[in-house]
Enquirer: 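Structure provided below as structure tokens; questions to follow.
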Amino acid sequence: MSTISGTSHEIFKELNESQINAVTATEGYIRVIAGAGTGKTKTLTHRYAYLINELGISPSNILCITFTNKAANEMKRRIKTMLGEEFDTSFVATLHSFCTRVLREEITKLFYPDNFIVLDNIDQKKILEEVYDEMGIKMDTASFKFMIDQIRYYKNLLTYVEYLSNPNFDYTTLKTKTQSDEIIIRYIKKQRKYFGLDFFDLINFTIYLFNNYLDVLLKWQKKLCYIMVDEFQDITAKEFKMIRRLSEYNRNLFVVGDPDQNIYEWRGANMDVIVNFEKWLNNECFENQLELKAQDIILSRNYRSREPILLAANSLIEKNCNRVVKHLHTDVSGGDKVIYLHAKSDKDEIKYICSKIKAHVDSGGKYSDYAVLYRSGYVSRFVEQGFLGADIPYVVYGGVGFYERMEIKDVLSYMRLVDNIDDDLSFKRVINVPRRKIGKVKLKALTEYAEQNDLSLFRALSSLCDTALFKGSKAKDFVDAIERLRETAENLSVSELLQNILLETGYELYIRESGDIDRLDNITELLRSIVTQEIEFGENLTLSTFLQDITLFKDSDTEDKSDCVRIMTIHTSKGLEFDNVFLVGLTEGVFPSARSLEERQNDALEEERRLCFVAITRARKKLYLTESEGFGVKGFSKTPSRFLFDIDENLLEIVGVIPEEIKAEYIILSRMFDKTDTVVYSVGDQIRHKAFGEGIVEEVDEKTKTYYIRFVNGIKPISFSYKGLSHVF
DNA sequence: ATTTTCGAGATTTTT
DNA sequence: TCTCGAAAAT
């Protein structure tokens, strides 16, 4: 007994009063609003340890949900540090991997095989490409994004689960009004064929299962006595419903989040769930009306950032209208002012950054004290070039996830094909990599033959590879190689099998000849990680188990301790902190992004501002905001981001000379965006009103903040602050 | 007639 | 960096 209380005593020593309240409030519904840098993760991990040590709860009865892999890995790491390396953290997971786990156990009830494949973006795109091809439509990135959105909307209604899970479903009974509908139906049919589930399905199937199989629901409800959700501001309404249902039996749900850090609205996250938590708990959509009460705990003392950084962050986020007012504060005063660099060119911008880092390292500091953050991925190229030139070591975080890299997907597809020769999706991926002279035409003929004879593509090729059609191609070599590999597979470990695959299929040679050392390194890294897993799992690591959930993981091991500058998008930086942060590329159209400006929706702009807030609050000691003149992607000359003007000028130390004309624009912008009532339309603009329909702006009255807009039924005065207007193009 | 290669052009953010 | 379309190579 004394050991236990001794341990908990240790735990409490590191926490402040509100944190202790959060840790010990184990029963019932609890909402914690935790500002940036207030020890959110620390509180969560300590609470987890408290449940284990003090209440004696088993880890298999505690579900701890996050929304990104990085957050999940960080939680696991910290729990293992506290409770031991051997500790079982399999219920500390992203919502998607939790759902996958449930589905692996239960999905056969929906007549779907339990070895289903999880489809990532690339797989989805491949399927869509096939559909487009069949229908003779062309596909570009815009239409891909559009269709993915359409699919998401379509899948919002769970009825599709019924026919996707029914092997004998007659798709001709579905009405298709538009081309989009047709594409969606075909997409779903193909999913069924490949036994694939995309990220939407993981959530939707689980919900469907819980809704329709009450025994399954009860089993999981009983099992999960305590549920915790991190980054709760990023939850969608639908995901919330699932969590709420899961909590109905034990009624212990603990949620932590910060509305100011909601940066996933574009993905469907609804921050109203955290803002009006109690109301959502008792939403009329739930069959079980439980009259739930929620307890509130607020963490607002910041332990991360120096005062000037916090002041800048507060000053920026205040400009958002749609928020719960909350101020971050610290007891520690002092620290350097936030620096705003206005450079003459992007070269100067990166040069300045390099010189600061170099000076720091020369005086005995480390590269790893620095991070460079930016709005979108392509900016990394410009940072990387600068660092390469200046000999500064760096690591790019996130970017293309490890398991999304081409060479890794290729190798995994080979492994899948060896595991299951009927996996057509994998077959298509690797059949012509390396080149085997099997292109579009031969593949089409093969597909037709396969369909006629009800064979998988591999089996079809196996019987056709000696015919005239495949003469001159390496089809025979391919079939032989895969069959040899299948014969040996049983007696080999996964890592040995992978090495054989690389040799027999000629893939290793192909990569070597392409001369891309990085790609080869990535494959070596994959091999290394398999060997690590084999040591951990021993004989139990079969090919099938290895392949099952790999889609959901991203490289967590990039967190190496080597001394490098970290560069990443702001989205990936969420939840991390660094001594010194450069926030680069603060240019209108880049950040805030062109799209958020185009839409002229305040919501999108506010999300961008929250994103900027997240970036700023990553910094502990020193923050640099940088931006440069020159020409942007579309040839327009670049102007500084409005966010720079959102921050009180007195809080910034300006480096460089900002030209007068830009300053003038600056003042107009800051005045415009100082208040909710912003002018976003001008005379002649075509707009759409939520109630009145389409119209044309006749007059803009700055004084009364009113647009006069001509609609079908006459001219109406509409206030600037009205949110229901949008542009018509 | 097919497949491959090569150069031009475009990029939000994640599970 | 990655994707797509046109010309070159088989």
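Chain naming here is simple, since letters A, B, ... match the order of the sequence lines and numbering starts at 1 in each. The basis for the numbers below is simple: all heavy atoms, side chains too, and nothing from hydrogens, waters or symmetry mates.
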Enquirer: In Watson-Crick or G-U wobble terms, both distances under 3.5 Å, what is the partner of dT11(B)?
Expert: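 Matched dT11(B) with nothing under the 3.5 Å cut-off.
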Enquirer: Please determine, for the side chain of Lys437(A), which listed nucleotide (dT10(C), dT15(B), dT13(B)) has the closest atom?
Expert: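 So the side chain of Lys437(A) is nearest to dT10(C).
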Enquirer: Look at the side chain of Val441(A) and decide which nucleotide, out of dT14(B), dT2(B), dT15(B), has an atom nearest to it.
Expert: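 When the side chain of Val441(A) is considered, dT2(B) is the closest of dT14(B), dT2(B), dT15(B).
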Enquirer: Looking for any heavy atom pair under 4.0 Å, which part of the strands does Phe67(A) touch: base, sugar-phosphate only, or nothing?
Expert: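 Sugar-phosphate contact only.
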Enquirer: Quick one: on DNA chain B, does Gln124(A) or Glu608(A) contact a more 5' nucleotide (nearest heavy atom)?
Expert: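 The 5'-side residue here is Glu608(A).
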Enquirer: If you check every side-chain atom of Phe199(A), which of dT4(B), dT15(B), dC4(C) has the closest atom?
Expert: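 Closest nucleotide to the Phe199(A) side chain: dT15(B).
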Enquirer: Would you say the side chains of Thr94(A) and Ser97(A) form a donor-acceptor pair under 3.5 Å?
Expert: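 Present: a donor and an acceptor within the cut-off.
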Enquirer: Whole angstrom is fine here: how far is it from CZ in Arg152(A) over to C1' in dT13(B)?
Expert: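 To the nearest whole Å, that distance equals 13 Å.
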Enquirer: For dT2(B), what is the paired nucleotide under Watson-Crick or G-U wobble rules, both distances under 3.5 Å?
Expert: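 Base partner found: dA9(C).
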Enquirer: Please report the distance, rounded to the nearest Å, between CZ in Arg609(A) and P in dT13(B).
Expert: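 Rounded to the whole Å, the gap is 21 Å.
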Enquirer: Quick one: label Phe200(A) by what it contacts on the DNA or RNA (base, sugar-phosphate, nothing), any heavy atom closer than 4.0 Å.
Expert: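 No contact.
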Enquirer: Where the side chain of Tyr378(A) is concerned, which of dT11(B), dT13(B), dC2(C) is the nearest nucleotide?
Expert: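 So the side chain of Tyr378(A) is nearest to dT11(B).
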Enquirer: Considering heavy-atom distances to DNA chain B, does Leu95(A) or Arg381(A) have its closest nucleotide positioned more toward the 5' end?
Expert: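 The residue closer to the strand's 5' end, by nearest nucleotide, is Arg381(A).
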Enquirer: side-chain contact (heavy atoms from CB on, under 4.5 Å) between Ile183(A) and Leu128(A): does it pass, once the steps are laid out?
Expert: CA-CA 8 Å; Ile183(A) 296 171; Leu128(A) 271 179; 3.7 Å; yes
Enquirer: Would you say the side-chain atoms of Tyr507(A) and Asp410(A) include a donor-acceptor pair closer than 3.5 Å?
Expert: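 The criterion, which ignores hydrogens and geometry beyond distance, is satisfied for Asp410(A) and Tyr507(A).
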Enquirer: Between dT14(B) and Thr569(A), is there an OP1 or OP2 to side-chain N/O distance shorter than 4.0 Å?
Expert: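 The answer is yes; a side-chain N or O of Thr569(A) sits under 4.0 Å from OP1 or OP2.
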Enquirer: dT15(B), dT5(B), dT13(B): which one has an atom nearest the side-chain heavy atoms of Arg435(A)?
Expert: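 In terms of side-chain proximity for Arg435(A), the closest of dT15(B), dT5(B), dT13(B) is dT5(B).
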Enquirer: Report yes if the distance between the aromatic ring centroids of Phe67(A) and Tyr264(A) is under 6.0 Å, otherwise no.
Expert: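 No - the distance between ring centres of Phe67(A) and Tyr264(A) does not fall below the 6.0 Å cut-off.
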Enquirer: Are the aromatic rings of Phe116(A) and Phe195(A) close, with centres under 6.0 Å apart?
Expert: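 Phe116(A) vs Phe195(A): aromatic centres not under 6.0 Å.
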Enquirer: With a 4.0 Å cut-off on heavy atoms, is Gly472(A) in touch with a base, just the backbone sugar-phosphate, or nothing at all?
Expert: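 Touches nothing.
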